[in-house]
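Data block below; observations after.
To find a chain, count down the sequence lines: A is the first, B the second, and so on, and within it residues start at 1.
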Amino acid sequence: MTKAAATKAAATTVLSVRGLSVRFRMRGGRHIAAVTDVSFDLAAGECLALVGESGCGKSVLASALLGLLPGNAQTAGSAVLHGGGDPVDLLAADERTLARTVRGRRIGLVPQSPAAHLTPVRTVRAQLAETLRELTGTPRRELRAATEAAAERAAFPLGHLDRYPHELSGGLAQRAATALALVGDAPLLLADEPTTGLDRDLVDRTADELRRTADDGRALLMITHDLAAAERIADRVAVMYAGRVVELADATSYFGGSGPRHPYAQGLLEALPERAFTPVPGMPPELGDLPDGCAFAPRCERATGQCGTRPPFDGRVACHHLEEPGRA
Amino acid sequence: MADTVWRTHGRTRRSTRTLRVRASAVILVAAVLAVLLVPPLVHLDQQAVDLSQKLLPPSWEHPFGTDDVGRDLLLRCVYGLRISLLVGVVAALVATVVGTLVGAAAAALGGWTDRLVMRLVDVFSSVPHLLLGIFVVAMFRPGVWPVIASVAVTHWLSTARIVRAEVLSLRSRPYIDAAISGGASRLRVTTRHLLPGVLPQAGLAAVLMVPHAMWHESALSFLGLGLPSHQASLGNLVQSARGSLLAGDWWPTLFPGLLLIVPTLAVAGLAGAWRERLDPRRRSELML
Amino acid sequence: MLDLKNITAGYERGRPVVREVSLAVAPGEAVGLLGPSGCGKSTLARVAALLHRPDNGTVTLDGALVTEWRHRAPRAQRTTVGVVFQSPRLAADPRLRLREIVAEPLRATGRQIEVRERVDELADLVGLGGDLLNRRPHEVSDGQLQRACLARALVLRPRLLVCDEMTAMLDASTTAALVAAVERYRRETTASLLAVGHDRTLLERWCDRAAEWTELSG
């Protein structure tokens, strides 16, 4: 990987999230706290993987950044997008601004199921050309060359441009979707579970392609439950539990080196079949009924009375009972 | 965190939608109450002819005006709506039951039964509805029941198509495979999984069919083939007002016409909200 | 327990997706079947679960030759095999509560009296606590719903469990929990397992042996 490029770009913060919370108003005045007080920065050329069990709030966070929350959602905090123009707070911007200047242009979305994301009745070439015209205003006579250039950027073979989505393999459909996401040349790419349901080598290929887009200088936020994909490409890993980030670590120290420090992050990693293959006991708590203290305490073997108060997040980890790093 | 400032996101047009649904509901409830309560409670003769009062424009005494023989049009319209609604609801019910049974049977039996039944549906559908309806009423003496039969005969076809398609789509779901693997009989799969899955769709089709059937009745009556002309159906009212419209008297046509159009829009408004509710994920209002 | 011999199967005439595949699972044995997506391994799993009639070849289940599939297969033979699919969303009737989903096979086979006890037993086995059983599919996460689908597959005490990409959409912890539940059931009943998937690390860790799709033909 291009270490030099990464350090050079590290100074440029593309996305700056501070105290982001999302809750849903439910019937009877109840609230469900889907995301609580999440803060992180994401720089150009960097890949941050947001990992956690299903229902931990990571997809809601993605929807909040894209301005695609349902009508009963409320947000707090800020998520300032610096890349690609004047800084804009994604949580405060109105739908018009988001639709016209942000989505597609300043944030590219790599969808979960590319087959469903592509229009079934049009060829890949037609969809790329239309997106190019819409987002970049490429004149008609340059469109053909621009379309092929866009396809090449995502390593989509030109010979397959005139195919319909159902004629593509899973891997090629993923590349077509990535090509579409890259068209607007957005400084921030958001990949929502890009590898779910794919074969291992397809996962690897997809992950590598995403990594390349980051190496080209984009910021990449990958939301995934697939730890292997995260290990392959992420620079940093944020572990979410019950709507909060409980650990934010360098990928190298998280997957190798000293390993994760939060007991939940350790449990998640130890559940992999190549490791202990033992599940974290119990199940995640209900987001509508979170305990006052540490949300993980009921499942945690290190929990004590101290865990009745919530451990503060010190920028790296939120836990009262950190073991010695280097525990293995 | 105690004094977190929460921002609401108004991406939906929920308020206008709610308004529309409420307005639709109020209109329909008012219409149903009117046709149920006015005849037994208001002891006025809708047939009372008073030639001294003929063709009066709308006034406080006659809000909808009077017709060419001096009958109060408001009263006539309520009676007209009553007959039209009755025809619409009964015809829609009959058509829905027949359509659901035929569609479900075709999908469940499959093979040549399915092909035969659906070809039959195609043949029936290829004849214009009104033509088929005229053919049916022509076989009987004028009255309410031939009109209902004529409307039902022409309207079960679309329901059969919808139900068949829905059953076929449900039947290929993995949860049907899981039920079979769990020892469920054909009957149990049908009653436990397929029919409950289809009924909301069929119910929606039935509701949407009521105004459709009302228009159909009106069309037949307008052509003089529906209800006997002394019975004040909305179609008959419009039909008998044709003469006065040419003379520039607009109210005998306008009000029965509005009584057809407004409830139709109201049903469409409610059905739209119902359709959204059919998707269970929307009910939870939460993205997991 | 299960013997698939020279199976050819598909959905359109003349275009089989499974060609001449043979695979055997011994009593008590756990066999993993590895293959890329779209290779036909899910179709083979459906044949083994008596849900899809093959065009050719023989299926022997528990010593008896299978001659009928789906509804035509004798109920006792059908319920010998439990099956779990990849997507719990598609495999659960959206109108039923999780409790009803798990109990459905008992009700369908006229064993209502066992419902209460057996459902609680299985909820415990797969780790469905609290009021989760009283919810409908759209009110729970994929992982929780898949736990219910596994419970449903085990409720009639099958002698063979077929898991078709059971954990492909789930996170590492839920995957490990579901595999642990299957293994606990198998220890208690000595049931056999056919686990179909694409994750070599997972299947080699989980099963007694992992068969390669490409090596099963011919």
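- Surrounding CD of C:Glu188 are more than 12 heavy atoms belonging to other residues, nucleotides or ligands, all under 6.0 Å away.
- Contact annotation for C:Thr109: only side-chain heavy atoms (C-beta onward) come within less than 4.5 Å of a heavy atom of chain B.
- Atoms CG and CG, on C:Asp93 and B:Leu170 in that order, are 8.5 Å from each other to the nearest 0.5 Å.
- Looking at C:Arg78, the atoms closer than 4.5 Å to chain B (heavy atoms on both sides) sit in the backbone and in the side chain alike.
- Within a 6.0 Å radius of CZ in C:Arg135, more than 12 heavy atoms belonging to other residues, nucleotides or ligands are found.
- Considering every non-hydrogen atom in both C:Ala108 and B:Ala184, the closest pair reads CB-CA, 3.8 Å.
- With hydrogens and angles ignored, the 3.5 Å screen pairs no side-chain donor or acceptor of C:Arg70 with any backbone N or O of B:Ile180.
- Other residues, nucleotides and ligands place more than 12 heavy atoms under 6.0 Å from the CZ atom of B:Arg7.
- Interface residue C:Val81: only backbone heavy atoms are found under 4.5 Å from chain B.
- One finds the CZ atom of C:Arg95 at 4.5 Å from the OH atom of B:Tyr175 (value rounded to the nearest 0.5 Å).
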Inset, instruction - Please report the C-alpha distance between C:Leu96 and B:Arg192 in whole Å, then the side-chain angles of each, then the deciding distance to 0.1 Å, and finally whether the side-chain contact (heavy atoms from CB on, under 4.5 Å) criterion is met. - result: CA-CA 10 Å; C:Leu96 302 184; B:Arg192 184 81 169 147; 4.0 Å; yes

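- For C:Arg46, the part lying near chain B is the side chain, with the backbone staying farther off; criterion is any non-hydrogen pair under 4.5 Å.
- Nearest heavy-atom pair across C:Leu156 and B:Gly182 is CD1-O, 3.4 Å.
- Closest of all the heavy-atom pairs between C:Ala91 and B:Pro174 is CA-CB, 4.0 Å.
- Between chain B and the options C:Leu90, C:Val155, C:Thr79, the largest number of non-hydrogen pairs under 4.5 Å is found for C:Leu90.
- When heavy atoms are compared at a cutoff of 4.5 Å, B:Arg188 approaches chain C solely by way of its side chain, counted from C-beta outward.
- A heavy-atom distance below 4.5 Å is found between the side chains of B:Val189 and C:His71.
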